[in-house]
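Below is one structure, written out as structure tokens, with a few remarks after it.
Residue numbers count from 1 along this sequence.
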Amino acid sequence: MSEPGAEHAGHAVIVGAGIAGTTAALTLRKEEYQGRITLIGAEAEAPYRRPPLSKDVLRGTMKSERIRLKPDAFWAEQAIELRTGSTVTAIDTDASTVTLADGTALGYQKLVLATGSRPRALPQAAGVPGVHYLRSLHSATTLASALASRGPVVVIGGGLVGLEVAASARALGCAVSVLEAADRPMSRILPAWLADPLTTLHQDRGVEIHTGVSVARIERHTRSKLSVTAADGRVWPAAVVVAAVGTVPETALAEAPGLPVANGIVVDEYGRTPVPGVFAAGDAASVPDLLHGGRRRGEHWNEAMEQGTAVAKTIVGDPTPYPLLPWSWSDQHGVTIQVCGRPELATEHEVHGDPESRDASVVFRLDGKVAAVVAMNRPTEFRTLRQLALAAQH
């Protein structure tokens with residue numbers, strides 16, 4: 001099954017129905033793109049919001065239908081052809097076609113690769129039933145069912161996702177231990193003096209935090225009993241083990257036709273690959289760091305959304321670069337943490353409020369210029385400070 005070549009003209013095919021791909025489709029219509037738009041998602045579900053997965057969905061305070069981005073009828077109303085449960089198996093950039101698992105070939109004029117990322121596999125968990133990774137609605141509902149046993153939970157990884165899962169599991173009444181390989185949680189996103197009050201928050205809520213842990217093995221003893229053993233011999237019994245050790249970009253589709261890949265699909269600041277008409281956005285994209293040199297890859301909802309917008313505007317003839325500063329947010333035990341920019345690069349900072357009580361905002365500067373901002377439980381102030389940080393980059 002294939003489409004005649006004449007139908008390629010004006011057809012935008014978007015591979016990946018996460019927030020980057022969905023935003024690209026929505027923005028194309030908002031910008032009055034006149035061509036056909038096809039949005040292809042491997043999951044059976046219509047596009048949905050992923051941030052609630054580690055919070056409301058795990059805690060059972062939000063039903064899956066409430067996280068949908070749009071009502072079912074919306075896509076047809078916007079003339080966006082939504083293909084869920086469809087997997088793209090190949091791209092032919094010479095013929096400008098993508099091939100689906102069912103054999104359908106779709107011709108395109110513009111192609112957006114928003115293939116996202118997958119959880120980084122923990123080698124020690126290979127072949128061990130019952131180790132959970134959180135990425136999709138299906139994985140979240142499966143984990144939520146496991147947490148309903150209220151048995152002890154071991155979370156491997158003390159980043160944002162790992163800590164959100166820990167907070168949710170603790171709210172459900174589970175005993176929770178977080179095992180982090182670094183010397184402190186959130187070491188990639190916050191300086192120690194800001195991360196420490198959040199670590200204390202978890203400990204005050206009954207979460208055990210163990211740092212400098214090298215996991216040697218994970219074993220399943222019975223249907224409901226597992227154990228995690230560290231290299232130094234310490235052992236943590238568990239009913240549920242969750243691995244949250246980062247993500248890996250989904251680049252196989254791009255690699256096959258020879259698109260450049262370097263920890264993501266290599267694009268310029270407008271989301272363009274070296275192949276005309278082919279773009280990438282979201283977790284799968286490796287974007288130039290125009291402020292500090294080199295390249296970077298985002299793993300956060302907000303940045304993926306902005307990248308999807310930028311790519312769509314570039315497609316309609318309004319070249320729009322990706323945002324210069326990454327930004328992210330997290331909710332842990334009722335505390336909202338928002339981060340814009342890269343605090344680790346700053347040489348000075350200015351604190352407003354009290355980080356120890358988790359009510360503060362911090363402005364970070366590099367060479368006198370605002371380089372990053374962080375806020376705890378100050379969302380309104382963060383919006384203003386983020387605009388200040390963005391304006392400082394121009």
Below 4.5 Å, heavy atoms only, C-beta onward: do Ile337 and Gln332 meet side chain to side chain? yes
Under 3.5 Å, is there a donor-acceptor pair between the Tyr48 and Arg50 side chains? yes
Does Val339 reach the side chain of Ser328, with side-chain heavy atoms less than 4.5 Å apart? yes
Would you kindly say whether Glu381 and Ser361 are connected by a side-chain donor-acceptor distance under 3.5 Å? yes
Please tell me whether Ser139 and His132 have a donor and an acceptor in their side chains that are separated by less than 3.5 angstrom. no
Measuring from Leu106:CG to Thr99:OG1, what's the distance to the nearest 0.5 Å? 8.0 Å
CD1/Ile14 to CG/Leu39 distance, rounded to the nearest 0.5 angstrom? 5.5 Å
Residue pair Val267 / Val311, side-chain heavy-atom distance below 4.5 Å: no
Donor-acceptor pair, side chain of Thr61 and main chain of Val57, under 3.5 angstrom: no
Criterion side-chain contact (heavy atoms from CB on, under 4.5 Å) against Thr251, the qualifying member of Val261, Val266, Leu259: Val261
Check Thr273, Ile315, Ile265 against Phe279 for a side-chain contact (heavy atoms from CB on, under 4.5 Å) and give me the one that passes. Ile315
Measuring from Thr27:OG1 to Arg29:CZ, what's the distance to the nearest 0.5 Å? 12.0 Å
Could you tell me the separation between the CD atom of Gln307 and the OG1 atom of Thr320, rounded to the nearest 0.5 Å? 13.0 Å
Quick one, Val362 and Val373 - any side-chain contact, counting heavy atoms below 4.5 Å? no
How about Ser286 and Arg297: does a side-chain donor come under 3.5 Å of a side-chain acceptor? no
I'd like to know if the side chain of Thr104 pairs up with that of Asp102 as donor and acceptor (distance under 3.5 Å, no hydrogens or angles considered). yes
Can you say whether the rings of His333 and His202 are parallel (under 30°), tilted (30 to 60°) or perpendicular (over 60°)? perpendicular
May I ask you to decide if Cys174's main-chain N or O and Arg170's side chain share a donor-acceptor pair within less than 3.5 Å? yes
Does any non-hydrogen side-chain atom of Ile67 lie less than 4.5 Å from one of Met62? yes
Donor-acceptor side-chain pairing of Ser330 and Glu164 below 3.5 angstrom: yes
Assess whether a salt bridge exists between Arg234 and Asp232, defined as any Lys/Arg side-chain N lying under 4.0 Å from an Asp/Glu carboxylate O. yes
Cut-off 3.5 Å, side chains only: do Thr211 and Asp183 have a donor facing an acceptor? no
Can you name the one residue among Ile218, Val235, Val215 that meets side-chain contact (heavy atoms from CB on, under 4.5 Å) with Thr229? Val235
Leu201 side, atom CG; Glu356 side, atom CD - distance, nearest 0.5 Å: 11.5 Å
Find out whether Ile37 and Glu81 are in side-chain contact, i.e. whether some heavy atom of one side chain is under 4.5 Å from a heavy atom of the other. no
Non-hydrogen side-chain atoms of Glu31 and Lys313 separated by less than 4.5 Å: yes
In terms of side-chain geometry, is the basic nitrogen of Glu350 or Arg365 positioned less than 4.0 Å from the acidic oxygen of its partner? yes
Mark yes when over 12 heavy atoms from residues, nucleotides or ligands other than His210 sit less than 6.0 Å from its NE2; otherwise mark no. yes
Does the pair Val335 and Leu198 meet the rule for a side chain to side chain contact (heavy atoms under 4.5 Å, CB included), with working shown? CA-CA 9 Å; Val335 175; Leu198 297 171; 4.3 Å; yes
Quick one: does any side-chain atom of Gln393 pair with a main-chain N or O of Ala389 as donor and acceptor, under 3.5 Å? yes
Does the side chain of His221 pick up a donor-acceptor pair with the side chain of Ser227 at under 3.5 Å? yes
Checking Arg120 side chain against Thr247 main chain: does a donor-acceptor pair fall under 3.5 Å? yes
With a 4.0 Å cut-off, would you call Arg358 and Asp354 a salt bridge? no
Hey, is Arg342 close enough to Glu344 for a salt bridge, meaning N to O under 4.0 Å? yes
Go through it in stages, so that I can follow the logic: the residues are Trp329 and His300, the test is ring-ring contact (aromatic ring centres under 6.0 Å, His included), and I'd like the CA-CA distance, side-chain angles, deciding distance and then a yes or no. CA-CA 8 Å; Trp329 62 273; His300 301 290; over 10 Å; no
Return the SG to CG distance between Cys340 and Leu390, rounded to the nearest 0.5 Å. 5.0 Å
Do Tyr322 and Leu290 have side chains that approach each other closer than 4.5 Å (heavy atoms only, starting at C-beta)? no
Glu250 side chain to Ser117 side chain, donor-acceptor N/O pair below 3.5 angstrom: no
With the threshold set at 4.0 Å, does a side-chain nitrogen-carboxylate oxygen contact exist between Asp289 and Arg295? no
Cation-pi check, Arg386 to Trp327: give yes when NZ or CZ is under 6.0 Å from the six-membered ring centre and within 45° of the ring axis, no otherwise. yes
